[in-house]
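Read the structure below first, then the notes.
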Amino acid sequence: MGSDDTYFLNNAVYRMEDFLKETKNPPYGGEVTYGPRAQYCWNGDPTLPNALSRLHYNTMYLPKILEQIQKTAPPGADLTSW
């Protein structure tokens, strides 16, 4: 989330993050990353401007998604064919 969101949506994200951190069943296990002085639709890569980092969403988020799938898969689930 850009901390200087063009539409001030960052304020809602701060509130949502506060709420999620208080959840117990199930507990929140995610993360919220803020881009200092970043604008609307900041995507989470502080090393590149949005115009470039938007081009590699898959390389940024797929490893996290796959890790979560593997961590929460039911016993005996096929985790190798995909």
Main-chain N/O of Gly35 paired with Ser3 side-chain donor or acceptor, under 3.5 Å: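 Side chain of Ser3 to backbone of Gly35, a donor-acceptor pair under 3.5 Å: yes, one is there.
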
Any chance you could measure Glu22, atom CD, to Tyr28, atom OH, to the nearest 0.5 Å?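 Separation between the atoms: 12.5 Å.
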
Pairing residues for [X] by the side-chain hydrogen bond (donor to acceptor under 3.5 Å, both in side chains) criterion, not counting sequence neighbours:
X	value
Asp18	none
Thr23	none
Asn10	none

Check ring-ring contact (aromatic ring centres under 6.0 Å, His included) between Phe19 and all other residues, then give those that pass, not counting sequence neighbours.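 Here no residue qualifies.
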
Quick one: list whatever passes ring-ring contact (aromatic ring centres under 6.0 Å, His included) with Tyr61, sequence neighbours left out.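 With neighbours one apart ignored, the set is empty.
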
Please tell me whether Val32 and Phe8 are part of a single hydrophobic cluster in this structure, the criterion being side-chain heavy atoms less than 4.5 Å apart.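 They do not share one cluster, since no chain of ILVMFWY contacts under 4.5 Å joins Val32 to Phe8.
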
Got a list of side-chain donor-acceptor pairs under 3.5 Å for residues 66-74, not counting sequence neighbours?
residue	atom	partner	partner atom	Å
Thr72	OG1	Gln68	O	2.8

Please say whether more than 12 non-hydrogen atoms of neighbouring residues, nucleotides or ligands are located less than 6.0 Å from CE in Met16.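 It does not: Met16 CE has 12 such atoms or fewer within range.
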
Counting C-beta onward and ignoring hydrogens, is there a side-chain heavy-atom pair between Thr33 and Trp42 closer than 4.5 Å?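 In short, these two side chains touch, coming nearer than 4.5 Å.
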
